[in-house]
Amino acid sequence: MNRTKMIIDADTGIDDALAILYGLKSPKIDMEGITTVFGNIPVEMATDNTLRILKLAGREHEIPVSEGAGRPLTRSLNGFSTHVHGGNGIGDVELPVSSQQKLEEPAADFIIRKAEELRGELVIVAMGRLTNIAHALQKDPGLPSKVKHLYIMGGAVNVPGNVTPVSEANIWGDPEAADLVIQSGMSITLVGLDVTMKTLLHQSHLDSLARLSKSENQPIVSFINQSMQYYFDFYREVNAYRECAPMHDPLTVLIAVEPGIVRTQTMHLSVECGGEHCAGMTVADQRVKPSVGSPVQVCVDVSAEQAIDLLLEVFI
Ligand code: RIB
Ligand code: CA
């Protein structure tokens with residue numbers, strides 16, 4: 001089987017952690033590296049969480065971790081989401097410290113180098129602000145021709161936003177970076193709230209997983225269950241959900257190797273960078289003859305139950 005050669009770019013919060021664990025366990029993925037970016041938490045904490053997650057998965061010292069941007073491309077930093085992901089970003093669950101060190105090489109350089117080495121085979125899954133991808137494009141304008149595909153967790157096209165009435169957090173956190181990436185000519189799939197808010201992980205799924213998973217996966221399953229409690233509490237407060245939460249980042253990694261679980265539509269997309277209420281809005285030109293923005297595959301529907309089953313089966 002041809003395994004997907006993947007870099008994950010993450011602001012390693014609770015859902016990023018589950019997405020990374022899925023990527024590490026999937027037989028369809030060769031994890032080439034993980035780059036970190038500010039967003040849910042400061043980038044240094046995202047790096048530390050990522051190293052601890054690799055240790056938890058038994059992959060310490062096997063997969064390079066490269067730290068990226070600590071602030072947006074041009075605008076000032078606008079806080080973190082510890083109210084969503086906990087003070088340490090992973091639901092305040094304490095994981096053992098890793099002895100692995102991050103690379104000296106910064107994220108943008110790592111992405112450029114791996115794209116060159118993998119000669120058109122590299123797939124990037126971006127699950128945080130798009131600042132690292134934007135920096136890489138600024139340093140190497142030829143990057144779009146060297147990257148096989150970019151999957152972006154971000155945006156909200158035909159549904160409300162989550163951090164503002166119209167904007168989703170990853171895009172809102174660095175709109176200039178997002179627009180630069182979307183207009184770059186890179187081959188992109190946008191995995192927005194249109195599909196991630198339909199893809200809910202329930203406590204009942206985790207209870208079944210705890211019963212079914214083999215002993216070697218129990219530490220991972222226990223961590224997922226513990227960290228998800230913080231996430232479930234947030235979504236109960238904000239969305240009145242009962243013991244469940246949307247799988248934003250895990251769905252995005254999943255789609256990279258299981259594309260049949262979503263339906264996509266080509267839309268001409270741009271990102272609003274101005275305005276008090278609309279900054280970070282992903283604007284799709286859905287007119288008969290679109291003329292604003294660049295063509296992107298936008299996920300418009302998802303087989304949610306199938307997605308959750310595929311996500312969890314690698315941990316059994
Ligand atoms: O809006 C959800 C996204 O913002 C997810 O990637 C979550 O981890 C945060 O980064
Ligand atoms: Ca994320």
Side-chain angles (χ1 to χ4, degrees), residues 6-23 34-43 45-50 53 67-72 77-91 107 124-133 150-157 159-175 177-178 181 189-201 224 227-228 230-232 234-235 238-239 241 244-256 271 279-282 299 302 311:
M6 184 182 291
I7 286 178
I8 282 183
D9 187 69
D11 57 340
T12 313
I14 294 170
D15 62 326
D16 304 73
L18 177 49
I20 290 168
L21 287 167
Y22 172 81
I34 302 173
T35 52
T36 59
V37 65
F38 76 98
N40 291 326
I41 47 179
V43 65
M45 199 180 282
T47 303
D48 182 49
N49 286 348
T50 301
I53 293 290
E67 187 165 287
R71 48 151 305 186
L77 193 55
N78 197 350
F80 302 109
S81 315
T82 47
H83 60 297
V84 184
H85 294 269
N88 73 353
I90 46 175
I124 302 173
V125 177
M127 316 188 307
R129 278 73 171 148
L130 289 164
T131 318
N132 291 339
I133 316 298
L150 168 65
Y151 295 87
I152 296 171
M153 192 283 126
V157 173
V159 296
N162 55 8
V163 287
T164 78
V166 294
S167 307
E168 178 279 329
N170 287 339
I171 308 299
W172 171 85
D174 196 344
V181 172
T189 296
L190 188 83
V191 186
L193 300 182
D194 304 72
V195 290
T196 65
M197 290 304 286
K198 292 179 182 175
T199 310
L200 300 177
L201 177 72
I224 295 169
S227 61
M228 279 297 156
Y230 202 101
Y231 217 35
F232 290 173
F234 171 77
Y235 277 96
V238 171
N239 292 58
Y241 285 4
C244 66
M247 290 294 102
H248 305 296
D249 296 338
L251 180 61
T252 308
V253 180
L254 199 60
I255 290 168
V271 175
M281 180 178 184
T282 39
C299 295
V302 58
L311 171 66

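Indexing begins at 1, ligand by ligand and atom by atom, following the structure's order. The model shown is predicted, which means the values in this text are computed figures rather than measured ones. Numbers for residues simply follow the sequence, beginning at 1.
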Hey, does [Y] have a side-chain heavy atom less than 4.5 Å from the side chain of [X]?
X      : Y      : value
Pro160 : Val166 : no
Asp15  : His85  : yes
Met127 : Ile8   : yes
Pro42  : Phe80  : yes

Applying a 4.0 Å heavy-atom criterion (strictly less than), which segment of [X] is in contact with ligand 1: side chain, backbone, both, or neither?
X      : answer
Val163 : neither
Met153 : side chain
Asp16  : side chain

Q: Would you name the N/O/S atom of Asp11 that lies closest to the Ca ion (ligand 2)?
A: OD1
Q | the Ca ion (ligand 2) - name of the N/O/S atom of Asp249 that sits closest to it | A |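 Of the nitrogen, oxygen and sulfur atoms in Asp249, the Ca ion (ligand 2) lies nearest to OD2.
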Q) At what distance is the nearest protein heavy atom to atom 9 (C) of ligand 1, and which residue and atom is it? A) Asn40 OD1, 3.2 Å
Q: Distance to 0.1 Å, residue and atom name: give those for the protein heavy atom nearest to atom 2 (C) of ligand 1.
A: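 Looking only at protein heavy atoms, the one closest to atom 2 (C) of ligand 1 is Glu168 OE2, 3.4 Å.
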Q: Test side chain to side chain donor-acceptor pair (under 3.5 Å) on Thr47 and Glu67 and set out the steps.
A: CA-CA 6 Å; Thr47 303; Glu67 187 165 287; 2.6 Å; yes
(Q) Using side chain to side chain donor-acceptor pair (under 3.5 Å), reason through Thr50 and Thr12 one step at a time and then give a plain yes or no. (A) CA-CA 6 Å; Thr50 301; Thr12 313; 2.7 Å; yes
Q: Nearest heavy atom to atom 4 (O) of ligand 1 wins, so pick from Asp15, Asp249, Asn170, Ile171.
A: Asn170
Q: Have a look at the Ca ion (ligand 2) and estimate, to 10 degrees, the angle subtended by O (Met127) and OD1 (Asp16).
A: 140°
Q: Report yes if some N/O of Arg129 lies less than 3.5 Å from some N/O of ligand 1; otherwise report no.
A: no
Q: Before signing off on this row, confirm whether His248 and ligand 1 have an N or O atom pair separated by under 3.5 Å.
A: no
Q.
Between Tyr230 and Phe234, is the ring centroid distance below 6.0 Å?
A.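 No.
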Q: Pull out every atom of ligand 1 sitting under 4.0 Å from any heavy atom of Ala169, numbered as shown with elements.
A: 1 (O), 4 (O)
**Q.** Element-labelled atoms of ligand 1 that are located less than 4.0 Å from some non-hydrogen atom of Asn162
**A.**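 Heavy-atom distances to Asn162 below 4.0 Å select 1 (O), 2 (C).
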Q. In terms of the angle between their ring planes, are His248 and Tyr231 parallel, tilted or perpendicular, with boundaries placed at 30° and 60°?
A. perpendicular
Q: Identify which one of Asn162, Asp11, Asn40 satisfies the side-chain contact (heavy atoms from CB on, under 4.5 Å) criterion when paired with Asn170.
A: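 It is Asp11; the other options fail the test.
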